[in-house]
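Note that the structure is predicted; figures quoted are calculated from it, not measured. FYI, side chains are in, hydrogens and waters are out, and symmetry mates aren't considered; it's all heavy atoms of this structure.
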Amino acid sequence: MQCPGAEYLVSAERTPRKREWRPQIYRKCTDTTWLFLFFLFWTGLLFIMGYSMVAGATGRLLFGYDSFGNVCGKKNSPVEGAPLSGQDMTLKRHVFFMNSCNPEVKDVRLSSTILCVSSCPEEQLDTLEEVQLFADKNGSFLCVYSLNSINYTQNPNADSLCPRLPVPPSKSFPLFNRCVPQTPECYSLFASVLINDVDTLHQILSGIMSGRDTILGLCILALALSLAMMFTFWFITTLLVHIFIALIISGLLFVCGVLWWLYYDYTHDLSIELDTERENMKCLLGFALVSTVITAVLLSLIFVFRKKIKLTVELFQVINKAINNSPFLLFQPLWTFAILIFFWVLWVAVLLSLGTAGAAQVIEGGQVEYKPILGIRYMWWYHLIGLIWTSEFILACQQMTVAGALVTCYFNRNKNDPPDRPILWSLSILFCYHQGTAIKGSFLITVARIPRTILKYIYNTLKDKHNAWSTYMFRCCFCCFWCLDKCLCHLNQNAYAATAINGTDFCTSAKDAVKLLSKNSSHFTSVNCFGDFIIFLGKVLVMCLTVFGGLMAFNYNRALQVWAVPLLLVAFFAYFVAHSFLSVFETVLDALFLCFAVDLETNDGSSEKPYFMDQEFLSFVKRINKLKDTRAQGEENSLRNEEGTELQPFV
């Protein structure tokens, strides 16, 4: 017998209920399948790391080896068919290239003979007598092992068995113990040949080498400016915003004007004869054109958003109040940056170990080369995916940590008693429940970036065979994937914040966040956008000041080398450092917007359901709504006046 009303209960159960937002009430492990997949993926990465250590000859990578198969700084086993192999190189820890100023690559290997020596020549040696004197004085023999130092000046074959003269001064490179020539020309040729990109890298490395002290100083300047900008946003006021925008406008116009003035000075300088100076002039023209376009766009945006300044200052004051509950959020980028640097160094070490994996093979002259193992290059692509996915996972953990700390402080009824250690609490929630969500979101970014990497590889491989149509298609594809990447980054950030609030999986959180934000987008979307724009202007200001310092420093010696590429690298580093420090404000701003929308969705401000937001934030929201209503009423009245203005007949 069926119970009365059972049909009603069944139909009610089948009716899907609307999911409610339950801030920090319910937690469960989310996206555990992706956590398992990431574990399997990293098992493969660990296998590649172990394989690279066994087959990749880490000793040859770290300590270097000579042309006869001997690893410097170690006792070696002899290689059959190579009479000069198997020597004790315990006291010879430095790698010396006999032809470092004019190296050549033949059959994908250096034609220059490589030796293990006890010390690098720190002064230039112009004759064989000086080479012999250096060997007798320092015990460092720069000729082939089979030639005794007594016969350096007597052997008729000394020219082929000893280094090419003059021998440039060199110093041992830290960690890898390579004798690196110190003159800019020799250094650029030496380094560029080792990386098999002579033409492009020659210009880059020679510019970096000639201005390395200036570049280091500019990087320190960018770091100091980024810290100053972070504290500026922390103590922001209306007057400070006006000064800040005035500095932005002045900086943009000043840098743009300096670039055009330098280009004009170059074009009217009759003493320009070197190719490097001509290259600098071309790069200055490109910099000037790009800076002019960027300046025009940013000035237009500043003019459009000029009326939002007061509300934006109040918004930043609300953000800073939220950050004051956990001020260590400002140091979160430092920890993330340190972890990323450690992972990148490890990744590069494994990559280089894979590149050195090979079996010893004797060639002409009794020299030894290591033939690459077949199939190992396919591991590079797996290793590349690991780089992108793991890096994005580390960044996702930072976003979820910042969002979780903000959510913990926001959804706290007693504002006078903030929660203890919200960052540690957010980290514990992340690692106990939501690692799978961060992994899934970072995988989506990886999927969007791998095609861009493949397209870039194909574009560079076939760059000599491009026509105008193929170049246009490649650039369109790059643009589309770039837009997809930015959209996914914004979606992920909102999904992470929704997961921190509701404890749901990635897809559910992303869908709920998009619906809720679109529903409440009318409240302070424009103020939120202008807040992001102000943060972006802060990054631009740091970059402008750093680039201006670089222009003044590099322009003192125009004929050194091509300094446009080093200046571009400095500008990129300045923007990256500024982004690392100011990204906390962006994450807090977006997470605060989502918390506000959830608060409106779950509460009505009554005594039974009071808002979680404090009175300062509530009054800020009321002012925004009042301004919006006033603007809407003004537009409605203007429409009515337009409809009422009709031609009336004269009486």
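Relative orientation of the Phe331 and Phe328 rings is tilted, given thresholds of 30° and 60° on the angle between their planes. Relative orientation of the Phe536 and Tyr575 rings is perpendicular, given thresholds of 30° and 60° on the angle between their planes.
Other residues, nucleotides and ligands place more than 12 heavy atoms under 6.0 Å from the CH2 atom of Trp335. The environment of OH in Tyr433 is sparse: at most 12 heavy-atom neighbours from other residues, nucleotides or ligands sit within 6.0 Å.
Checked by atom type, the side-chain pair Thr292/Trp260 shows a donor-acceptor distance below 3.5 Å. Thr336 and Gln398 share a side-chain donor-acceptor pair at under 3.5 Å. With 3.5 Å as the limit, one finds no donor-acceptor pair spanning the side chains of Ser509 and Asp512.
For the atom pair Arg449 CZ and Leu384 CG, the distance stands at 12.0 Å (nearest 0.5 Å). A distance of 12.0 Å separates SG of Cys397 from NE2 of His434, quoted to the nearest 0.5 Å. The distance from the CD atom of Glu392 to the CD1 atom of Ile439 is 13.5 Å, given to the nearest 0.5 Å. To the nearest 0.5 Å, atoms CH2 (Trp389) and CG (Leu444) are separated by 10.0 Å.
Remark: side-chain polar atoms of Tyr382 are paired, donor with acceptor, to backbone N or O of Phe41 under 3.5 angstrom. Listed for the Ser300 side chain is a donor-acceptor partner under 3.5 Å among the backbone atoms of Ala296. With hydrogens and angles ignored, the 3.5 Å screen pairs a side-chain donor or acceptor of Ser518 with a backbone N or O of Lys515. The closest donor-acceptor contact from the side chain of Thr499 to the backbone of Ala495 lies under 3.5 Å. Between the side chain of Asp505 and the backbone N or O of Cys507 there is at least one donor-acceptor pair closer than 3.5 Å. For Asp31 (side chain) and Phe506 (main-chain N/O), a donor-acceptor pair under 3.5 Å exists by modelled atom type.
Every residue meeting the side chain to side chain contact (heavy atoms under 4.5 Å, CB included) condition with Leu223, not counting sequence neighbours, appears here in chain and number order: Val577, Phe581.
Between Trp381 and Ile385 the shortest side-chain heavy-atom distance does not fall below 4.5 Å. Contact of the Leu35 side chain with the Phe39 side chain is not registered, since no non-hydrogen atoms from C-beta on lie closer than 4.5 Å.
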Inset, instruction - Would you please test Thr437 and Thr30 for side-chain hydrogen bond (donor to acceptor under 3.5 Å, both in side chains) and show each step? - result: CA-CA 6 Å; Thr437 300; Thr30 55; 2.6 Å; yes
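For residues 338-349, the set of pairs meeting the side-chain hydrogen bond (donor to acceptor under 3.5 Å, both in side chains) definition, not counting sequence neighbours, comprises Trp344-Ser391, Trp347-His383.
Residues Phe38 and Phe443 keep their aromatic ring centres 6.0 Å or farther apart.
Ion pairing between a basic and an acidic side chain is recognised when a charged N comes within 4.0 Å of a carboxylate O; Lys539 and Glu586 show such pairing.
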